[in-house]
Number of protein chains: 2
Amino acid sequence: MPEQPVRARLVDVAHAAGVSKATVSKVLNGRQDLSVRPETRRRVHEAAETLGYRPHSGARALAGASTHALALLIPALGNPTYVTIARGAYQRARELGYLSLLAEDFDGQEADDSFNDLVQEGRVDGLLIASARPGHPLLDTLSRSPVPHVFLNRSVEGSGRNVTMDVARSSVTALDHLHGLGHRAVGHIAGPAGITPSEVRKEAFLRHAEALGLDAAPVASEDFTEDGGGFAARELLRPAPGSARPPVTALYTSSLAQAIGAMAAIRDLGLRIPEDVSVVGNDDLPVAAHLHPPLTTVAMPLYELGTAAVDALVATIEGTPVGDVVVPTEPRLVLRGSTARPAGPGGTP
Amino acid sequence: MPEQPVRARLVDVAHAAGVSKATVSKVLNGRQDLSVRPETRRRVHEAAETLGYRPHSGARALAGASTHALALLIPALGNPTYVTIARGAYQRARELGYLSLLAEDFDGQEADDSFNDLVQEGRVDGLLIASARPGHPLLDTLSRSPVPHVFLNRSVEGSGRNVTMDVARSSVTALDHLHGLGHRAVGHIAGPAGITPSEVRKEAFLRHAEALGLDAAPVASEDFTEDGGGFAARELLRPAPGSARPPVTALYTSSLAQAIGAMAAIRDLGLRIPEDVSVVGNDDLPVAAHLHPPLTTVAMPLYELGTAAVDALVATIEGTPVGDVVVPTEPRLVLRGSTARPAGPGGTP
DNA sequence: CCATCTGAGGAAACCGGTTGACTGAAACTT
DNA sequence: AAGTTTCAGTCAACCGGTTTCCTCAGATGG
């Protein structure tokens, strides 16, 4: 039976290794302000190993050191985008000796619940915040409190703590694809106003649409949900007065959920995908391949966003903040069945 | 400025209220082994309030008391089923003065990572385990360790710690619906073998199929994923040698993801939903309404499962375990467009 | 009138780590 | 040979709570 029924404590390890608590603590934490013989060091590690020693996080935190825990605050658990981010964060945190916890920071919540529960009660050393939005009470709290934190995905201008992806590039990638297929009128279903990636994606879309010389590039802003996507799709596809056909031949959405909602709406309108309307979604998640038709998406480096955010946060915790970071991996187009050449006046191929 | 930049500690509250640390601790924890004047009690609460006092969880844990935190272990973050469960758990935990953390307990992980990180390091008082499966290393660890825990959704026979839903009833509900529409050959896409709700659902399906006198009730077991559902659907719909049409007119799936995969497969086979094949899924989540066609589901009381599990765990932590629990709320049929009368030899309506 | 009881609250040990100051021995200086 | 460094590690205070005895004043009892 290799494991003890009771937790091994620091003094147990010290006793087993024949040294003092202080020595064990310093050795295990790899402090260099102490000189130990290699042989002693080895004995300590060995004793810790065989006893299955794990430091009590509370005791550590109390003693002024770190809890070695971080928390990732996400706006909606149900949004699969964050699953990938969370996995990246968890994995990287583990590699750095931290534990990454997950908390939903939803709107209905009391102002600072998560902050109080996690930070005020001393459970974590820092926050990865993916739920920032203008006016979020948390932002105010943070400005008055010295807790290390970074913003990921949704950034806060001027904070110098933003970890983001090249969202503008994703609009360019999507538009290039549609343009290459022959589309000359493309609608964009954007996310809510005020949320950074929404804004950036939208502006990049408009800019690149102009650069490509598109005939039309209307935008509708809605929630990141299925309903939002459906609603926006109906708006963008409504024929102009006097016309019989929709003003655009393709839609590019801000989220995968919006794409799902948009596809349902398109069909409700009696239109076919991709024959009448092509659809490109953002974020490549497993479900995209199982839609009908399978959805062409722009795959964002979500996993890397998680790892990069942890790197930035840990650096901040350790006193060497790194400033704003943009994940270097470029968005990548994943081609599936929801996009095709438009059936223009020129005739179907 | 109502909030201090630095955390208020117990002694600060004590000082502000003009009493000792001991008194504050006892008053705030509502211990009755101490008699205090109502007026003193009021002063203490008031001081704690104005100082925004929050006890340091680590200090608490160290002093032998509880951390007031629980962890919910789920097998897959991406599975939206658990989102609803997690919300129920979080909310109920909060009402009981606990914090519910979320951890993914995935297969690729080192044997007992979550256990070590959360329990061994003293971060939580108990575990809500939704990721049990036969042979899971965690089960072994738990049997050697006295950590309070309950199993939810997936149960462990004989543990006396299972919190489940009336899964058998969901099969009955689904079958009754299909039978009522006139279906006489229904296939069931079950979950993996060995996982309790899968087994129970499958057996209830077979039993009730026999009770209804169905002509055929084949079952295919696959993963809870889209791919699993697609694979199983192809198998169940394969015409018998010498026949041209599928052997069943309806499919009942174990998970929502399976239903999505099955729908894609059905269409790939050139069949229509619901004209050729009706589909009923388990678990009613937002996306079900946005599929094409919208999916008829059996809504399980997931939120209640989360709250009930927390109730059971907290009871266990406080020394009064409650034994196995079945959530009383009954599964409910949510009628949408994926089910219809079968187009039998008797002709389409 | 002194002993006892009860109500209201306090003193201090303790939980398991971390950390800066300190010590004893050996090695090196001069 | 005495003083100074360096090495290798130890001591003990401290973090912020909880909990187990205590104490002390006033009320009660005989």
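In what follows, every heavy atom counts, from backbone to side chain, and hydrogens, waters and symmetry copies are set aside. Chain A is the first sequence line, chain B the second, and so forth, proteins listed ahead of strands; every chain is numbered from 1. What you are looking at is a predicted structure, and each value in this text was computed from that prediction instead of being measured.
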key: Residue-level proximity of residues 36-49 of chain B to DNA chain D when a heavy atom falls under 4.0 Å   = none
task = For dT18(C), take OP1 and OP2 only and decide whether either is under 4.0 Å from a side-chain N or O of S25(A).
result = yes
key: K26(A) NZ - dT10(D) P separation (whole Å)   = 10 Å
query = Does a side-chain N or O from Y53(B) land closer than 4.0 Å to OP1 or OP2 of dG16(D), or not?
reply = no
Rounded interatomic separation in angstrom, taking CG from D125(A) and P from dC15(D) = 19 Å
message = Of the listed nucleotides (dT19(D), dG16(C), dT19(C)), which one gets closest to any side-chain atom of H56(A)?
response = dG16(C)
Nearest to side-chain heavy atoms of V19(B), which nucleotide of dG17(D), dG17(C), dG10(C) = dG10(C)
ask   = Given atom NE2 of H15(B) and atom C1' of dG10(C), what is their separation to the nearest angstrom?
value = 15 Å
request  = Among dT18(C), dA8(D), dG17(C), find the nucleotide with the atom closest to the side chain of R7(A).
outcome  = dG17(C)
message = Taking 4.0 Å as the cut-off, does a side-chain nitrogen or oxygen of T23(B) come that near to OP1 or OP2 on dG9(C)?
response = no
Given dG10(C), dA12(D), dC7(D), the nucleotide with the shortest approach to the side chain of A22(B) = dG10(C)
ask   = Should S35(B) be listed as having a side-chain N or O under 4.0 Å from OP1 or OP2 of dG7(C)?
value = no
message = Whether the side chain of E104(A) engages the backbone of L77(A) through a donor-acceptor N/O pair (distance < 3.5 Å, no angle test) should be reported.
response = yes
ask   = Just how far, in rounded Å, is P of dG16(C) from NZ of K21(A)?
value = 9 Å
query = When the distance from CG of L28(A) to P of dG17(C) is rounded to whole Å, what number comes out?
reply = 10 Å
message = Taking side chain to side chain contact (heavy atoms under 4.5 Å, CB included) as the criterion, tell me which of L139(B), V163(B), T196(B) meets it with F151(B).
response = L139(B)
ask   = Given dT19(C), is OP1 or OP2 found less than 4.0 Å from the side-chain N or O atoms of R31(A)?
value = yes
ask   = Is it true that a side-chain atom of D324(B) and a backbone atom of N162(B) form a donor plus acceptor pair closer than 3.5 Å?
value = yes
